[in-house]
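We use all heavy atoms of the structure for the numbers below, so side chains are in, but hydrogens, waters and symmetry mates are not. These numbers come from a predicted model, not from an experiment. Chain A is the first sequence line, chain B the second, and so forth, proteins listed ahead of strands; every chain is numbered from 1.
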2 protein chains.
Amino acid sequence: MDSAERLIESTRQLLWSRGYVGTSPKAIQQLSGAGQGSMYHHFSGKKELALVAIERSAAALCERAESQFTAPGTAVERIAKFLRLERDALKGCPIGRLTQDPDVIADAELRAPVEQTFSWLRRRIAEVLAEGVQRGEFGPPANARRLDPASTASALVATMQGGYVLARAANAPEPFTEAVEGILGLLVALVADS
Amino acid sequence: MDSAERLIESTRQLLWSRGYVGTSPKAIQQLSGAGQGSMYHHFSGKKELALVAIERSAAALCERAESQFTAPGTAVERIAKFLRLERDALKGCPIGRLTQDPDVIADAELRAPVEQTFSWLRRRIAEVLAEGVQRGEFGPPANARRLDPASTASALVATMQGGYVLARAANAPEPFTEAVEGILGLLVALVADS
DNA sequence: GTCTATATAAGGATAGAC
DNA sequence: GTCTATCCTTATATAGAC
């Protein structure tokens, strides 16, 4: 792995654990083993490096999610698989945590990949749910009309993101799992009624 | 309002908008109009000031929530009122945002009020839900058993916290509302089935 | 491409005068 | 109680040698 690559990966780790405001060029250099000159040779500065790192993390998240959505199974099963993917709840979401970074949100370029990740995720889950409704997984049309794919998708994504908040507040992973199982329980109840 | 008070209130605002890492003593002093000497006379430093500010914000959040939980109405109605309380979704949650602050989470004293706020909130909402189950709002026992108060409460709190994440990512308040309405929709569907 | 030197500002606080 | 002076460290680069 060359210097540029190590710098990007180090930035990804640090953005994840400390956020943009809390990550200094010096910390990136030390973690990557690259010197000052190397960093400023490959990148214009902290912002450009962060942008590349964020875009990479966003792409990784979307790919991981998509591989669950395209797997076989019912709509609820595929969504449940995604929500239950192996995660370190205490580390939080590498993309979601950036929304609390004032300098990221204030900068259109840095915010763009964050915005795209969540708008894609919400839309994609809504599609999977709509597909399930179509297939009759939520019962006959009269019953299925109670499930709104768009808002339910937003609630599912929000529960995950908020699950990280609860886990970090508690300094324990359980609240994340509990929140996820809580909303899946509500969703499954709908299926059971159909 | 005396200096100490203005320093606390300024710290509350800055912690809310910029977080702990992103808030400097100088910024606090400028916003409050107090000088350096004044700040270090009343408080030992940034950390103590932040602790007082966080505890105050936590207390305010709990009071605001409790006033909804004790209002008249069904369990779902009271919870819905809380979730729909007037909020500036783009500002985020003054307590929840602190979970993304590495220096807050790493410090037991600073994390304590954050942890307490969420554990109280989850427990309190679970109590309201359990009360609803008791009263038969979710139908006869055979039906109501599908609703687990504890995990549903965690999902509700998580959806709110994640709603802030989605709103900030989108730079628009709508995703917050959508997520909240999404999970309330699932909850109401359970009531409708009873 | 990478290293070292240098530079300006900000972070976070202490000391002592008033 | 508040102000000003001072201090050391870190943040974030730029410049130029190798």
Would you verify whether the NZ or CZ of A/K46 falls within 45 degrees of the ring axis of A/Y20 while also being under 6.0 Å from that six-membered ring's centre? yes
In whole angstrom, what separates A/F43's CZ from D/dT12's C1'? 16 Å
Salt-bridge criterion met for A/R18 and B/D103 (N-O under 4.0 Å): yes
A side-chain contact here means heavy atoms from C-beta on lying under 4.5 Å apart; do A/P175 and B/F118 qualify? no
Single-linkage hydrophobic cluster B/L7~B/W16, side-chain heavy atoms < 4.5 angstrom: no
With the side chain counted from C-beta on, respond yes when A/Q134 and A/P149 share a heavy-atom pair under 4.5 Å apart, and no when they do not. no
Distance, rounded to the nearest Å, where A/Q29 contributes CD and D/dA13 contributes P: 10 Å
Using whole Å, what does the distance between atom P of nucleotide D/dA15 and atom OH of A/Y40 come to? 13 Å
Say whether A/I54 and A/F43 are linked into one hydrophobic cluster, either directly or through other cluster members, by side-chain heavy-atom distances under 4.5 angstrom. no
When the distance from CD of B/E48 to P of C/dA13 is rounded to whole Å, what number comes out? 11 Å
So, is A/K26 close to the D/dA11 phosphate, meaning a side-chain N or O under 4.0 Å from OP1 or OP2? no
Taking the side chain of A/H42 as heavy atoms from C-beta outward, which of C/dG12, D/dT12, C/dT2 is closest to it? C/dT2
Spacing of B/L49 atom CG relative to C/dG11 atom P, expressed in whole Å: 15 Å
Take atom NE2 of A/H41 and atom P of D/dC18, then tell me their distance rounded to the nearest Å. 19 Å
Within the 4.5 Å heavy-atom criterion, are B/R87 and B/Y164 side-chain neighbours or not? yes
What heavy-atom pair brings A/A189 and B/R146 nearest, and what distance separates the two atoms? O-NH1, 4.2 Å
Here the distance between atom P of C/dG11 and atom CG of B/D103, to the nearest Å, is 14 Å
Restricting both atoms to N or O, compile the protein contacts to nucleotides 3-8 of chain D shorter than 3.5 Å, with distance only.
residue : atom : partner : partner atom : Å
D/dC3   : OP2  : B/G35   : N            : 3.3
D/dA5   : N6   : B/Q36   : NE2          : 3.3

Do you know the tightest heavy-atom contact between B/T159 and A/A155? OG1-O, 4.0 Å
Rounded to 10°, the helix from C/dG1-D/dC18 to C/dC18-D/dG1 deviates from straight, judged by its five-pair end axes, by 0°
Please give, in whole Å, the distance from D/dT9 C1' to A/Q30 CD? 13 Å
